Asker: 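One structure follows; several queries about it will come next.
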Amino acid sequence: MTLDELKNECETCRKCELCESRNNIVFGFGNPNADIMLIGEAPGENEDLSGMPFVGRSGKLLDEFLNSVGLDRNENVYIANMLKCRPPKNRDPKPFEQDLCIDWLKKQIEIVSPKIIVCVGRISAQRMIGKSFKVTVQHGEFVDIDGILYTGTYHPAAILRNIHNKPYALKDWKIIKQKAVELGMRD
């Protein structure tokens, strides 16, 4: 199965009530052969309107981090979210919503087959790495899960609220790039 085929299936998903208010599913974007995959929590308003992950102010900051280490959302990363539909008023995804939507993400991971998964923010890190993972403490640390290296970093929206964490996030991206080079990352 290809990402396009999976996206076509996902567009008809009606597993939860979030499908009722969505403008677009926000399936994913980037290089389907990327060695680095980014996972956010859920689309926000801008993402719901555009159908693209990480747009608006948060997306610009994420692009700044990526570009600072020679990565680009169009070329050598793939970006997805745990949820494909926007929760109302950008609230945190509820656990049952995550449970209903996580299979889409698992299939994306299987198709992309990344070497590194970067969990962007607390919610995705705790769901994908472990419930006790603390982004503010463990950011930039790698955990091997089934042969894929997972790490968590600050969500760009959290950095926009607390700009003092920007240097920590930048350091994380440098560590991620270094690890990718060590693993023989494809360009």
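Everything numeric in this text was worked out from a predicted model, so none of it was measured. Numbering of residues begins at 1 and proceeds along the displayed sequence.
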Asker: Are L83 and L49 connected, step by step, through hydrophobic side chains (Ile, Leu, Val, Met, Phe, Trp, Tyr) whose heavy atoms are closer than 4.5 Å?
Answerer: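 Looking at the clustering, L49 is in a separate group from L83.
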
Asker: Would you say M185 and K179 make side-chain contact, with heavy atoms under 4.5 Å?
Answerer: no

Asker: Show the numbers, then the answer: is there a side-chain contact (heavy atoms from CB on, under 4.5 Å) between N67 and D72?
Answerer: CA-CA 6 Å; N67 294 334; D72 186 291; 3.9 Å; yes

Asker: Going only through I, L, V, M, F, W and Y residues with side-chain contacts under 4.5 Å, is there a path from L105 to V26?
Answerer: no

Asker: Within the distance-only criterion (no hydrogens, no angle test), does the side chain of K115 pair as donor or acceptor with the backbone N or O of L183 below 3.5 angstrom?
Answerer: yes

Asker: Answer whether the closest heavy-atom distance between the side chains of I148 and M128 falls below 4.5 Å.
Answerer: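 Of all side-chain heavy-atom pairs linking M128 with I148, none is under 4.5 Å.
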
Asker: Do the charged groups of K107 and E110 touch, with an N to O distance under 4.0 Å?
Answerer: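 No, this pair does not count.
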
Asker: Verify, without hydrogens or angle tests, whether N90 (side chain) and E45 (backbone) share a donor-acceptor contact under 3.5 angstrom.
Answerer: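 Side chain of N90 to backbone of E45, a donor-acceptor pair under 3.5 Å: yes, one is there.
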
Asker: Can K15 and E97 be counted as an ion pair, charged N to O under 4.0 angstrom?
Answerer: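 Looking at E97 together with K15, the answer is no, because their closest N to O distance does not fall below 4.0 Å.
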
Asker: Under 3.5 Å, side chain of Q138 to main-chain N/O of K134, donor-acceptor pair present?
Answerer: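 The answer is yes, because a donor-acceptor pair under 3.5 Å joins these two groups.
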
Asker: Look at the aromatic rings of Y154 and H139 and report parallel, tilted or perpendicular, splitting at 30° and 60°.
Answerer: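 Tilted, since the angle between the ring planes falls between 30° and 60°.
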
Asker: Looking at E9 and L6, would you say the former's side chain and the latter's main chain have a donor-acceptor pair under 3.5 Å?
Answerer: no

Asker: Are N23 and D48 linked by a side-chain donor-acceptor pair shorter than 3.5 Å?
Answerer: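 Yes, D48 and N23 have a side-chain donor paired with an acceptor closer than 3.5 Å.
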
Asker: Nearest 0.5 Å, please: how far is CZ in R22 from CD in E11?
Answerer: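 Rounded to the nearest 0.5 Å, the CD-CZ separation comes to 8.0 Å.
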
Asker: When you group the ILVMFWY residues by side-chain heavy-atom contacts below 4.5 Å and let the links chain together, are I79 and I123 in the same group?
Answerer: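 Same cluster.
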
Asker: Within the 4.5 Å heavy-atom criterion, are I145 and I117 side-chain neighbours or not?
Answerer: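 Counting from C-beta outward, I145 and I117 never come under 4.5 Å.
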
Asker: Would one find more than 12 heavy atoms of other residues, nucleotides or ligands at under 6.0 Å from atom CZ of F142?
Answerer: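 More than 12 heavy atoms, drawn from other residues, nucleotides or ligands, come within 6.0 Å of this atom.
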
Asker: Can D99 and R127 be counted as an ion pair, charged N to O under 4.0 angstrom?
Answerer: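 A salt bridge is present here (some side-chain N lies under 4.0 Å from a carboxylate O).
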
Asker: Could you tell me whether the side chain of E75 and the main chain of N31 form a donor-acceptor pair under 3.5 Å?
Answerer: no

Asker: Would you mind reporting whether L61 and K166 have side-chain heavy atoms less than 4.5 Å apart?
Answerer: yes

Asker: For P53, is there any backbone N or O sitting under 3.5 Å from a side-chain donor or acceptor partner on R73?
Answerer: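 Such a contact is found between R73 side chain and P53 backbone.
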
Asker: Treat each ILVMFWY residue as a node, draw an edge where side-chain heavy atoms are under 4.5 Å apart, and state whether I102 and V143 are in one component.
Answerer: yes

Asker: Is there a path of hydrophobic side-chain contacts, each under 4.5 Å between heavy atoms of I, L, V, M, F, W or Y residues, that connects L3 with F29?
Answerer: no

